[in-house]
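Here is the structure we will look at, set down as structure tokens.
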Amino acid sequence: MLRSPFFYCLILLVLFSCEEKKPIAPKTESIQKEARALRDKAIESYDKQNFNIAFYQFNKSKDLYNIVKDSGNISYVLIRIAEIHQRNGDYYGSKEILTEALQTIPHNEKDRNYPASINNYLGIADKELSLYDDAIYYYKLAANEYTDPLLKHAPLQNIAAVYIYQKKYDKAIPILDSLLQSLSRKDLKEKATPYDKSILLDNLGYAYFKNGIKDKGFHLMNEGLQIRIDSKDTYGSIESYLHLADYYSKKDITKSDENALAAYEIATKFNSVDERLEALQILISNDNSPNTAKYTQKYFTLNDSIIKVRNNFKNKSAKIKYDAKKEKDENEKLRLEKAENQLSLQRAKYLKIVSVIVFAFLVILIFILIRYYKNKNKAIEFKTSYNTETRIAKKIHDELANDVFQVIAFAESQPLSVENTKENLLQKLDDIYSRVRGISRENNSIDTGENFTHSIKEMLSAYNTRERNIMITNLENINWENIDDIKKITISRILQELMVNMKKHSEASIVVIRFDSDQKSISINYRDNGKGCEKSMVVKNGLQNMSNRVLAINGTFDIETEPDKGFKVKISMPEQTQIKVKEKFAY
């Protein structure tokens, strides 16, 4: 990337000398003096490359000059503010300021250097925004408007810069070479500065290098960098280092990295984002450092922070042509102000009415939503309770009632005096008692206090057999003290549902249950190596209650299962629930 030479110092020195001199009224003298003092401090801060301080001081100066309507100084200060925008890569903001500056130029200044300088900066902004044809248009306007031969160098050299961007090196080299040779002329030699020469040397060298004349180009770029170092043009040296980094990228990658890093460090110091990105591009392209990944991350971070639409948006000329406006008579101004005030009052009145309507609508909507979710949660609670009661009744009917009937039939048909018959009867009664205890244990109250994790382990271990291994992970790492009792009860019942379903349908030999939590939610991951089933059959296999429990506490669940591929469930729920479900509904 090639930086356009701005010729800041020389152009702005001429502008400064062109300030319009006006008689100062006694009432405005103190304001004028303060504005001038701030302007001079801003110039000093800018020369020291303290751009943020200079920006603040120029703006304060502009506000004071607006009070006294000093249009000449307003134009000058606006151009300096636009210049700082460009230093910081804000080219759209710069164009807005330059358009404002163009409108403030006094009539007797139109034949002098203000319009030329503004057009030159507009060209720079469009060039940086890749609007090359518009940029050349403004540069040519500026070159025609400048009367000083040295000042003409700026837009002409910028035209050459655009040609280099467009890879039209054969067009750029003659312009730059001619400008460099002209510095030896007597009328320009006395005015030219090291800054002028260093820019021409660097850009001409870069153009030669890109055009295939590498040795000559390297010599000129090196000479330009040395002049910048000697003259302490730290900011200007960024482009020299970038050009040399580009030169070395195909010749000596280590030197290319050194120059790119030097450019990056200086650009970082001056908060010049475009140059930082260009330096990072070279470092990433070289891929010659263990820090390449770090450079890539920096590049994307910087690139994401830039608010630009350079390549996605065709921006027509932001320059608004300055048309002389006649002063409107005072009565018309008063009439317009009165109409505007009335319109503002009317708008405020309508806004107040609309605000009241919107507020009332929101209150009604919130009330409706609260009622809706309360009814929905009550329905879920009732359904969960009903399903649980139905399941218990079915279990008692299908299992215990049949067993009891068989025991009665056995007792009636067998002589109880025989020892073996008595032992068989007692064994059957003991089996029935164990089943009753199992049903009771599945539906009894749950200890949600300090022994909660112990009760969970005890409940799960009851399903451990020689043929089945239940593995529990991360249970102790959950901060159960922060989980409310409703949530603990729900978790316990869900695990019971899963265990019962596994025992009845899965035929699994390995079951893994993992607990996880973060600041907002707790999750349970269940998986087994059982025979699985069709996903459409899951609810029919007895997990409807689990589904209702999860939904009742605003949780979510995801089931993955296929025949012969095991069974997986992921349950996630918020750590704290707003639903007050009673214990009797949490079976």
Side-chain angles (χ1 to χ4, degrees), residues 1-13 46-49 51 87 150 153-154 156-158 160-161 164-165 169 172-186 188-270 272 274-276 278-283 286 288:
M1 187 175 181
L2 181 67
R3 171 168 295 280
S4 296
F6 289 0
F7 276 74
Y8 294 119
C9 299
L10 187 58
I11 295 173
L12 295 169
L13 181 62
Y46 184 91
D47 291 341
K48 292 179 180 178
Q49 299 182 342
F51 300 122
R87 285 280 193 172
L150 187 58
H153 274 218
L156 292 174
Q157 189 175 346
N158 288 338
I164 292 176
Y165 272 94
Y169 307 116
I173 290 173
I175 296 174
L176 295 170
D177 189 55
S178 174
L179 293 174
L180 184 61
Q181 295 303 322
S182 69
L183 292 181
S184 61
R185 283 168 27 196
K186 185 177 180 180
L188 295 181
K189 191 173 183 180
E190 296 176 355
K191 296 181 181 179
T193 66
Y195 179 84
D196 304 321
K197 187 175 181 180
S198 65
I199 292 176
L200 286 170
L201 285 168
D202 182 49
N203 291 344
L204 180 59
Y206 189 70
Y208 273 122
F209 155 62
K210 298 300 284 185
N211 204 33
I213 309 173
K214 297 182 180 179
D215 291 340
K216 184 173 183 178
F218 173 73
H219 173 74
L220 292 171
M221 287 189 290
N222 236 356
E223 186 179 352
L225 174 60
Q226 193 56 49
I227 292 174
R228 280 170 162 165
I229 293 172
D230 293 340
S231 61
K232 296 182 180 179
D233 180 16
T234 308
Y235 185 78
S237 67
I238 296 174
E239 286 304 310
S240 288
Y241 285 123
L242 288 173
H243 290 165
L244 288 171
D246 191 5
Y247 170 81
Y248 280 118
S249 63
K250 298 293 188 296
K251 193 178 184 71
D252 187 337
I253 293 181
T254 301
K255 287 187 178 181
S256 177
D257 281 357
E258 291 173 359
N259 283 278
L261 283 171
Y264 179 81
E265 290 171 1
I266 299 172
T268 301
K269 177 182 177 182
F270 290 105
S272 186
D274 289 338
E275 283 75 9
R276 290 172 69 188
E278 188 173 352
L280 288 171
Q281 279 181 327
I282 294 172
L283 289 167
N286 287 344
N288 187 44

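Worth saying up front: this structure is predicted, and the values here are computed from it rather than measured. Only this structure's heavy atoms are used, side chains among them; waters, hydrogens and symmetry mates stay out.
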Practice item. Using ring pair (Phe, Tyr, Trp, His ring centres under 6.0 Å) as the criterion, list what pairs up with Phe218, not counting sequence neighbours. Key: Tyr247, Tyr248
Check your understanding: Glu239 and Ile199: side chain to side chain contact (heavy atoms under 4.5 Å, CB included), yes or no, with the steps?
Key -> CA-CA 9 Å; Glu239 286 304 310; Ile199 292 176; over 6 Å; no
Revision key, fill the gap. Salt bridge (charged side-chain N to carboxylate O under 4.0 Å, His left out) pairs touching residues 207-219, sequence neighbours excluded, are Lys210-Asp246
Review point. Are the side chain of Ser178 and the backbone of Pro174 linked by a donor-acceptor contact shorter than 3.5 Å?
Key: no
**Study point:** Gap separating the OH atom of Tyr169 from the CG atom of Leu204, nearest 0.5 angstrom
**Key:** 13.5 Å
Exercise for review: Could you check Lys197 against Leu183 for side chain to side chain contact (heavy atoms under 4.5 Å, CB included), going step by step and ending with a plain yes or no?
Suggested key: CA-CA 8 Å; Lys197 187 175 181 180; Leu183 292 181; 4.2 Å; yes
Check your understanding: With a 4.5 Å heavy-atom cut-off, do Asn203 and His243 have their side chains touching?
Key -> yes
Practice item. Return the set of residues passing salt bridge (Lys or Arg N to Asp or Glu O under 4.0 Å) with Asp257 (not counting sequence neighbours), or none when no residue passes. Key: none
**Study point:** Rounded distance (nearest 0.5 Å) linking atom CG of Leu180 with atom CD of Gln157
**Key:** 9.5 Å
Check your understanding: For the residue pair Ala260 and Ala279, what are the closest heavy atoms and their distance?
Key -> O-CB, 3.4 Å
Review point. CG/Leu242 to OG/Ser237 distance, rounded to the nearest 0.5 angstrom?
Key: 9.5 Å
Review point. What pairs meet the salt bridge (charged side-chain N to carboxylate O under 4.0 Å, His left out) rule with one or both residues in residues 218-236, with sequence neighbours excluded?
Key: Asp202-Arg228, Arg228-Asp233
Point to revise | Separation between CD1 of Ile282 and CD1 of Ile253, rounded to the nearest 0.5 Å | key: 12.0 Å
Revision key, fill the gap. Between Ser231 and Pro194 the two heavy atoms that sit nearest each other are CB-CB, 4.1 Å
Check your understanding: Can you find a pair of side-chain heavy atoms, one from Asn222 and one from Leu201, that are under 4.5 Å apart?
Key -> no
Review point. Of all residues at least two apart in sequence or in a different chain, which pass the side chain to side chain contact (heavy atoms under 4.5 Å, CB included) check with Thr254?
Key: Asp252, Glu258, Asn288
Review point. What pairs with Lys250 under side chain to side chain contact (heavy atoms under 4.5 Å, CB included), at least two apart in sequence or on another chain?
Key: none
Practice item. Report the distance from atom CG of Asp274 to atom CD1 of Ile238, rounding to the nearest 0.5 Å. Key: 10.5 Å
**Study point:** Spatial distance of atom CG (Leu225) from atom OH (Tyr241) [nearest 0.5 Å]
**Key:** 5.0 Å
Check your understanding: Under 3.5 Å, side chain of Ser256 to main-chain N/O of Ala245, donor-acceptor pair present?
Key -> yes
